[in-house]
Amino acid sequence: MNKADVLLGLQWGDEGKGKIVDVLTPKYDIIARFQGGPNAGHTLEFNGIKHVLHTIPSGIFHPTAINVVGNGVVIDPVIFKKEIDALVNMGVDVKAKLLISKRAHLILPTHRLLDAASEASKGKNKIGSTLKGIGPTYMDKTGRNGLRVGDIELPDFKEKYNALVEKHKQLLAFHHYDYNLAELEPAWFNAIGDLKQLVFVDTEHYINDAIRLGKKILAEGAQGSLLDIDFGSYPFVTSSNTICAGACNGLGIAPNKIGQVIGIFKAYCTRVGGGPFPTELDNEVGEKIRQVGREFGATTGRARRTGWLDLPALKYAIEINGVTELMMMKADILSEFDTIQVCTHYLHRGKKIDYLPYSIDPGEVTPVYEELKGWHCDLTKLTTKEQLPEALISYVKYIEKAAGVPVSIVSIGPDRTQTIRM
Ligand code: GDP
Ligand code: IMO
Ligand code: MG
């Protein structure tokens, strides 16, 4: 039976999903985003071009692959328009290759204001949101107040919009939040006009028909498993299900139609925003990883927090996603180090554990490390598995053994070509 594959991040996002989706796209007919919104920043590099996508799937540069924005995604028309304009300027025929779910929810200007108001009210406990309006939009979705792409075509769209904005104004007044909505609305409605030119479909039918027809489908996740609304480090998470099950909800794919689950992880860890990070290196080693790895957010430009690979967290993510295949990113960044630490366990209430407990707050868990040999050589021009240094092969084997899942790709640079099949 033909099934859809899922590709997702196993850490706190920014694992390199965009790069790998672009690398894998030639194998697929359809690439479909299933959750998140413009909080994501997925970077692709090829032919000397670096491009960051936020809402549009990372298969868009392929000449024929169809890219689907699923019902689980939230769309900011203004950001979407900018993304499309940039692609069109690069000669990409976006309209011919992009389908948008009528069930996807719209991010209103007031959702962004509410995101900012909510963060401001949290003070030092703020989530570190990307301030793209993600939380408030998903709140309206589950609160059954949201506006969807399909509503744009209805005669009472403006009334629906006004009713939701009225509610938002009351919430903003509750937060004592100052704003100027009149400054934001023209660009939003203008972008809605542009959005209307694109193709809206019932993507659940489209995807299921495609599965029946034997088409190859790859569902592209955003964020990472440790930012999942249920299984992440709540409340320091995003507002959607980033895990594999999110692909079922966010595209209408039945669980028995999920094929391979490809889990992407960095050879170390990063996190942007607030929340616990057990293996964080708040020192010169962490700073070195940040500088060498250029660990600055693709969406907000914020410095990413850095740390060693966390195996209990990785194993947890593998389990809840049913990962069948791993891909390790940014191996080249660790070339700078003589030795590499890996967190194998946590000390939790006097006991050594190798799983993720309810809380991973600093007082709750202390990472236990094992030191491994570094490879200390430039990987970035290598092209085959046979050329990889022995110490890197050992690092990969060590992770495969702990994870119980094979690593099929090791990435050695941001470019499409810097990809080693194992
Ligand atoms: P995503 O959100 O998972 O798509 O990841 P981001 O694009 O936010 O962040 C990953 C960053 O690492 C981007 O700047 C990529 O160009 C870059 N990148 C991806 N893979 C590699 C790699 O193997 N080595 C290096 N040096 N950079 C990489
Ligand atoms: P990609 O798809 C890394 C983080 C934010 C914040 C938290 C909540 O590029 O991997 P939100 O804006 O969703 O309310 O923010 O989640 N976050 C990400 N971190 N990569 C992302 O996406 C992220 N999307 C959200 O920094 O801590
Ligand atoms: Mg990113």
Side-chain angles (χ1 to χ4, degrees), residues 7-23 33-46 49-55 57-58 73-74 76 107 111-112 114-116 118-119 126-139 220-229 232-240 242 264-277 289 292-305 327-336 378-380 382 409-420:
L7 181 144
L8 39 75
L10 298 178
Q11 295 163 325
W12 281 284
D14 303 329
E15 296 88 353
K17 299 175 290 294
K19 164 179 168 164
I20 287 296
V21 170
D22 173 62
V23 167
R33 266 283 297 272
F34 58 89
Q35 46 68 237
N39 48 349
H42 294 182
T43 314
L44 292 80
E45 282 193 42
F46 56 93
I49 298 168
K50 176 175 168 169
H51 197 83
V52 182
L53 295 163
H54 300 286
T55 327
S58 304
V73 176
V74 291
D76 181 331
I107 302 176
H111 283 132
R112 295 186 66 150
L114 283 166
D115 208 358
S118 164
E119 284 285 76
K126 70 176 184 176
I127 310 293
S129 156
T130 59
L131 301 177
K132 304 293 179 199
I134 304 297
T137 306
Y138 280 112
M139 280 164 76
E220 173 180 0
Q223 290 78 57
S225 300
L226 304 176
L227 288 170
D228 180 87
I229 182 74
S233 44
Y234 192 88
F236 297 97
V237 293
T238 190
S239 297
S240 63
T242 59
I264 310 292
F265 70 102
K266 277 180 187 159
Y268 47 95
C269 277
T270 63
R271 170 163 209 171
V272 59
F277 182 178
I289 296 179
V292 178
R294 298 208 189 90
E295 293 296 354
F296 298 89
T299 294
T300 59
R302 290 179 293 175
R304 295 177 182 144
R305 300 155 65 193
M327 296 185 182
M328 185 173 89
M329 310 302 289
K330 301 193 95 159
D332 53 309
I333 305 309
L334 293 188
S335 295
E336 298 283 324
D378 181 14
L379 303 175
T380 57
L382 304 185
I409 278 181
V410 171
S411 177
I412 50 164
D415 193 86
R416 237 182 219 174
T417 56
Q418 293 172 304
T419 309
I420 306 283

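When reading the values below, keep in mind they use all heavy atoms of this one structure, side chains included, and skip hydrogens, waters and symmetry mates. Indexing begins at 1, ligand by ligand and atom by atom, following the structure's order.
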Quick one: pull up [atom1] in [X] and [atom2] in [Y] and give me the separation to the nearest 0.5 Å.
X      : Y      : atom1 : atom2 : value
Arg271 : Ser233 : CZ    : OG    : 3.5 Å
Leu382 : Ile420 : CG    : CD1   : 6.0 Å
Trp12  : Ser225 : CH2   : OG    : 11.0 Å
Gln35  : Asp228 : CD    : CG    : 8.5 Å
Asp14  : Thr270 : CG    : OG1   : 5.5 Å
Ile289 : Ile333 : CD1   : CD1   : 9.5 Å

What part of [X], side chain from CB on, backbone N/CA/C/O, both or neither, has a heavy atom under 4.0 Å from ligand 2?
X      : value
Phe236 : neither
Val237 : backbone
His42  : side chain

Can you list the ligand 2 atoms lying under 4.0 Å from a non-hydrogen atom of [X]?
X      : value
Ile127 : 8 (C), 27 (O)
Trp12  : 3 (C), 19 (N)
Arg302 : 5 (C), 26 (O)
Ala222 : 2 (O)
Gly273 : 27 (O)

Any side-chain to backbone donor/acceptor pair from [X] onto [Y]? Under 3.5 Å, distance only.
X      : Y      : answer
Arg302 : Gly128 : yes
Glu336 : Leu334 : no
Glu45  : Lys19  : no
Tyr268 : Lys330 : no
Glu119 : Ala116 : no
His42  : Lys17  : no
Thr137 : Gly133 : yes

Heavy-atom closest pair, residues [X] and [Y]:
X      : Y      : result
Val272 : Ala303 : CG2-O, 4.1 Å
Ser240 : Gln223 : OG-OE1, 4.2 Å
Lys50  : Thr43  : CE-CG2, 3.7 Å
Ile127 : Phe236 : CA-CD2, 3.9 Å
Ser335 : Leu379 : OG-CG, 3.6 Å
Leu10  : Leu226 : O-CG, 3.9 Å

So, is [X] polar-close to ligand 2, with some N/O to N/O distance under 3.5 Å?
X      : answer
Gly41  : yes
Thr130 : yes
Val272 : yes

* **Options Thr238, Thr300, Leu227, Asn39, ranked by nearest heavy atom to atom 17 (N) of ligand 2, top entry** =>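 Shortest heavy-atom distance from atom 17 (N) of ligand 2: Leu227.
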* **Shortest-distance N/O/S atom, Asp14 versus the Mg ion (ligand 3)** =>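 Of the nitrogen, oxygen and sulfur atoms in Asp14, the Mg ion (ligand 3) lies nearest to OD1.
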Heavy atom of the protein closest to [atom] (residue, atom name, distance):
atom                    : answer
atom 11 (C) of ligand 1 : Lys330 NZ, 3.8 Å
atom 23 (O) of ligand 1 : Ser411 OG, 2.5 Å
atom 7 (O) of ligand 1  : Thr43 OG1, 2.5 Å
atom 14 (O) of ligand 2 : Ser129 OG, 3.4 Å
atom 10 (C) of ligand 1 : Asp14 O, 3.7 Å
atom 20 (N) of ligand 2 : Asp14 OD1, 3.1 Å

If we only count N/O pairs under 3.5 Å, is [X] in contact with ligand 1?
X      : answer
Gly413 : yes
Ala298 : no
Glu15  : yes
Lys50  : no
Asp332 : yes

Under a 4.0 Å heavy-atom limit, does [X] contact ligand 1 with its side chain, its backbone, both, or neither?
X      : value
Lys19  : side chain
Arg294 : neither
Arg304 : side chain

State the atoms of ligand 1, each with its element, that fall below the 4.0 Å cut-off from a heavy-atom position in [X].
X      : answer
Ile333 : 26 (N)
His42  : 1 (P), 2 (O), 4 (O), 7 (O)
Met329 : 20 (N)
Glu45  : 16 (O)
Gly18  : 4 (O)
Ile412 : 23 (O)

* Asked: Gly41: heavy atom below 4.0 Å from ligand 1, yes or no?
  ->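 Under 4.0 Å: yes for Gly41.
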* Residues Lys132 and Asp115 bridged, charged N to O under 4.0 Å ->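 Here Lys132 does not pair with Asp115 in a salt bridge, since their nearest N and O are not under 4.0 Å apart.
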* **Pair Lys266 + Glu295: basic N to acidic O under 4.0 Å** =>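 Judged by the 4.0 Å cut-off on N to carboxylate O distance, Lys266 and Glu295 do form a salt bridge.
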Is ligand 2 less than 4.0 angstrom away from at least one heavy atom of [X]?
X      : value
Lys17  : yes
Gln223 : yes
Gly128 : yes

* Near the Mg ion (ligand 3), is there an N/O/S atom from Gly41 that is less than 2.8 Å away? ->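 Yes, Gly41 qualifies, because one of its backbone or side-chain N, O or S atoms lies under 2.8 Å.
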